[in-house]
Amino acid sequence: MRLLTQILLVSIGSIIGGLARWGVGVGFARLVGTAFPWGTMFINLSGSLFLGWFMTIVNERLPASGGNWWLSADDLKLMIAIGFTGSYTTFSTFEYESHKLVSDGDRLSVATYMAGSLFLGLLAVRIGTRLARMG
């Protein structure tokens, strides 16, 4: 029974994360076009910020048993960190789009995209962690 609960938690998070990823990607494409993968970069950065914030909250503020929540900390991690964030963030898409920019010979764009995603993503995780520790 526990395994089925875990599968359900990851599945629910994944469905929501995938829909969020699709919606954000479509929104960015409509707003700024598709010449540069701004939507994917935003998804990676916001997902990194959220994951840093969420994991800090769960690990430092939520009792392991879940306290008054109906889900334990481990259940929340399955649904949100693995399911939602794993489905929402798009590292494989990031890699493919980087490959396309390299293949297109646009060195400035590929350098901007890769460095921005990696370094700003790390910064976003650190900011998310600090935000979670405030108040």
| query | After noting the C-alpha distance and the side-chain angles of Ile82 and Lys77, does the key distance pass the side-chain contact (heavy atoms from CB on, under 4.5 Å) rule? | reply | CA-CA 6 Å; Ile82 294 172; Lys77 288 178 189 177; 5.8 Å; no
Is there a path of hydrophobic side-chain contacts, each under 4.5 Å between heavy atoms, that joins [X] and [Y]?
X	Y	value
Met114	Leu108	no
Phe94	Val102	yes
Leu8	Ile16	yes
Leu45	Phe91	yes
Val24	Val32	yes

By ring pair (Phe, Tyr, Trp, His ring centres under 6.0 Å), which residues pair with [X], not counting sequence neighbours?
X	result
Phe54	Phe50
Phe28	Phe42
Tyr96	none

| request: Mind checking the CZ-CG spacing from Arg2 to Asp75? Nearest 0.5 Å is all I need. | output: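 Between Arg2 CZ and Asp75 CG, I get 4.0 Å after rounding to 0.5 Å.
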| task | Calculate, to the nearest 0.5 Å, the distance between atoms CE and OG1 belonging to Met41 and Thr93 respectively. | result |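 The distance works out to 15.0 Å.
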| message | Running the 4.5 Å side-chain criterion over Ile, Leu, Val, Met, Phe, Trp and Tyr, what cluster does Leu4 land in, apart from itself? | response |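 None; Leu4 is a cluster of one.
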| message | Ignoring hydrogens, what is the shortest heavy-atom contact between Arg21 and Ser87? Give both atom names and the distance. | response |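 So the minimum-distance heavy-atom pair works out to CD-O, 3.6 Å.
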| query | What is the minimum heavy-atom distance between Tyr88 and Ser46, and which atoms define it? | reply |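 Looking at all heavy atoms of both residues, the shortest contact is OH-OG, 2.7 Å.
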Between [X] and [Y], is any pair of side-chain heavy atoms under 4.5 Å apart?
X	Y	value
Leu62	Ile57	no
Ser72	Leu76	no
Val10	Met79	no
Leu9	Leu71	yes

| field | Pairing residues for Thr40 by the side-chain hydrogen bond (donor to acceptor under 3.5 Å, both in side chains) criterion, not counting sequence neighbours | value |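 Glu97.
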Below 3.5 Å, can you tabulate the donor-acceptor pairs from side chains in residues 118-131 to any protein atom, sequence neighbours excluded?
from: Thr129; atom 1: OG1; to: Thr56; atom 2: OG1; distance (Å): 3.4
from: Thr129; atom 1: OG1; to: Val125; atom 2: O; distance (Å): 2.9

